[in-house]
Number of protein chains: 2
Amino acid sequence: MTDRVVPEPERRRRRPTKRGIVLTAELIVDTALRLIGQHGADALTVRRLGAALGADPSAVYRYFHSTDDLLLAVADELIGRAQHAWQPTGDWRADLRAIGLRIHAAYQAHPQAALLAAHRTTGRTHEAAAVEAILGVLRTAGFPDLEAVRVYHAFVDQSLGFAALDAAALALPAPAAAADRQVWQASYARLDAATHPHIAATADLLTTDMRRSGYPYALDLLLDAAEARLRAVGGKREG
Amino acid sequence: MTDRVVPEPERRRRRPTKRGIVLTAELIVDTALRLIGQHGADALTVRRLGAALGADPSAVYRYFHSTDDLLLAVADELIGRAQHAWQPTGDWRADLRAIGLRIHAAYQAHPQAALLAAHRTTGRTHEAAAVEAILGVLRTAGFPDLEAVRVYHAFVDQSLGFAALDAAALALPAPAAAADRQVWQASYARLDAATHPHIAATADLLTTDMRRSGYPYALDLLLDAAEARLRAVGGKREG
DNA sequence: TTCTCTACGTCAACGTCGTTGACATAGCCT
DNA sequence: AGGCTATGTCAACGACGTTGACGTAGAGAA
């Protein structure tokens, strides 16, 4: 039996597990998210998920074809949350900044899923709505179509790229994550000033700055440059 | 025995394996890169690596503490290749642009490895050399230390983020990659102008632009903004 | 109410993985 | 020439994703 999944709308029998839990796809997705949030990204295994659900691990395969299938379902949930209740304010720069930070934050909240989802183009409704919103902000602000498309492309890929990058740091197995964080203090802060003068001169600043995500600053740089280009073609900040 | 690794510079005895291969850390890294490139990221397991090397899988643990340690070495090798034979020209903007494009290109050449490696901080020699080079370019150009560190951070993470994003597109299984590329023509180009006016108005530009990497344009935006900030503190373009 | 059908939870097993303790041998150094 | 030990090998552990087989209990039909 290579496929034991019954499509959700056709489900009829809701049989409780030995421990009295009634399973649903939604409950499994929520439990998976909780597992990641509480015990780290590497806590998401089928066996642990089964234990957390109060069910046999293999019961998960009645709802999802594979762990990858499950993770995509989780990711789908994230895309919706990032956009939930967003409204344009009329200030294009503030709007883009808000959208970027929302995308980033939504993925940060669930790094493991973000890693699988960030680099796919789905073409589904949530994604289309986001594309339309961003393009709308840019064109309404006065960007010519060609420039609007290019800024859109850079903006979106920058957001997703940073989202994946920062999510990966959170999704690493605990020892690897700790090692990555230690590198700046343990290695770079101790390099010889003779061989690495620039690192030595900025070691303190580096160890501080590298602890945070570089995204907010990079986003501001991108918006700076976009604003300059908009001004060059005669557009205004508000509009 | 929790650590069976002998540091590379202290190695003396070069004992061949049963199949006559003389192992080195370098050979193992190269073989890992080849394995990933030929059979995908999932092909990188200690057992398969042993088979490809002509050695017992556990021999790898005489050279690397863990698979994660090996992966960091692979990542550092990619960084090293990106920096190979690079020389500063004195034009900070041209230098940063060249470094960024080199990093991007090096990772594109090994997409599967890039997916595993782009998100890690290795702290090894090649990475340290790259950090030193980039910081040197910025500080020599006249960026104050704090600003230099922030621009460095944004620059590196943006480069790695785009590298991973674009590598992911190349590393996808063929049908999934084709599907992702088709989305722009098959879905977005056909959206109703009533519900998605901005997408409809720019559909042609979108389908053209989304076929390329957004990195070069995003890089130029970042450099634009950095240049503006440098000018604001009194620096010059050449220097 | 009873009967039937089958959805779905459970169990056990397979082959894989990373990793490590124990062992043996062969290369380097004195 | 001889000893030390680096390094390759072997076997085993526990955890992983996944799947075939089984039985029971829930829903719908009568």
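Each chain gets a letter, A, B and so on, in the order its sequence line appears, and its residues count up from 1. For the numbers below, each heavy atom of this structure counts, side chains included, while hydrogens, waters and symmetry mates do not.
Looking at heavy-atom distances under 4.0 Å, A:P57 makes no contact with the nucleic acid at all. B:Y63 comes within 4.0 angstrom of the backbone, heavy atoms only, and of no base. Residue contacts shown for A:R47 include a base, since a base heavy atom lies under 4.0 Å away. Using a 4.0 Å heavy-atom distance criterion, B:S58 is classed as a base contact. A:A59 comes within 4.0 angstrom of a nucleotide base, judged by non-hydrogen atoms across all strands.
A:L70 has its CG atom 10 Å from the P atom of D:dT18, to the nearest Å. In this structure, A:F64 places its CZ atom 16 Å from P of D:dT19, rounding to the nearest Å. Per the geometry, CD belonging to B:E10 stands 20 Å off P belonging to D:dC4, to the nearest Å. Summarising the geometry, the separation between CG on B:D3 and P on D:dT7 is reported as 13 Å, rounded to the nearest angstrom. Protein atom CG of B:L71 is 12 Å distant from nucleotide atom P of C:dT19, rounded to whole Å. In this structure, A:D42 atom CG and D:dG17 atom P are separated by 11 Å, rounded to whole Å. Between the NE2 atom of B:H65 and the C1' atom of C:dT19 there is a distance of 14 Å, rounded to whole Å. Computed from coordinates, the A:L27 CG to C:dC8 C1' distance equals 15 Å when rounded to whole Å.
Between B:D68 and B:R14, the residue anchored nearer the 5' end of DNA chain C, judged by the nucleotide with its closest heavy atom, is B:D68. Taking the nucleotide of DNA chain D with the nearest heavy atom to each of B:V6 and A:V46, the more 5' of the two is matched to B:V6.
Shown here for A:A163 and A:Y107, the closest heavy-atom pair between the two residues is CB-CD1, 3.7 Å. Listed here is the closest heavy atom pair of B:F64 and B:D69: CA-OD2, 3.6 Å.
Considering only side-chain N and O atoms, A:R19 lies nowhere under 4.0 angstrom from the phosphate OP1 or OP2 of C:dG9. Side-chain nitrogen and oxygen atoms of A:T17 include none within less than 4.0 Å of the OP1 or OP2 phosphate oxygen of C:dG9. In this model, the phosphate group of D:dC16 is approached by a side-chain N or O of A:R48 to a distance below 4.0 Å at OP1 or OP2. Listed pair A:R62 / C:dA7 fails the phosphate criterion, with no side-chain N or O lying under 4.0 Å from OP1 or OP2. OP1 or OP2 of C:dC11 has at least one side-chain nitrogen or oxygen of A:K18 nearer than 4.0 Å.
Between the side chain of A:R4 and the base of D:dG20, at least one donor-acceptor pair of N or O atoms lies under 3.5 Å.
Which of D:dG26, D:dA6, D:dG8 sits closest to the side chain of A:P16 comes down to D:dG26. Each of D:dC22, D:dT7, D:dT9 was ranked by its minimum atom distance to the side chain of B:R15; first place goes to D:dT7. Set against D:dG20, D:dT18, D:dG8, the side chain of A:T67 has D:dT18 as its closest nucleotide.
At least one donor-acceptor pair closer than 3.5 Å links the side chain of B:E127 to the backbone N or O of B:G123.
A cation-pi contact, defined as under 6.0 Å to the ring centre and within 45° of the axis, links B:R11 to B:Y63.
In this model, a donor atom of one side chain and an acceptor atom of the other lie less than 3.5 Å apart for A:D157 and A:H153.
Residue A:D204 places its CG atom among 12 or fewer non-hydrogen atoms of other residues, nucleotides or ligands, all under 6.0 Å distant.
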Every protein N/O lying under 3.5 Å from an N/O of nucleotides 3-5 of chain C:
| from | atom 1 | to | atom 2 | distance (Å) |
| --- | --- | --- | --- | --- |
| C:dC5 | O2 | A:R13 | NH2 | 3.3 |

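Salt-bridge check for A:D220 with A:R97: passed, with a basic side-chain N closer than 4.0 Å to an acidic carboxylate O. Of the charged side-chain nitrogens involved, none lies within less than 4.0 Å of a carboxylate oxygen, so that A:D56 and A:K18 do not count as a salt-bridged pair.
From A:L165, atom CG reaches atom CG of A:L160 across 12.0 Å, with rounding to the nearest 0.5 Å.
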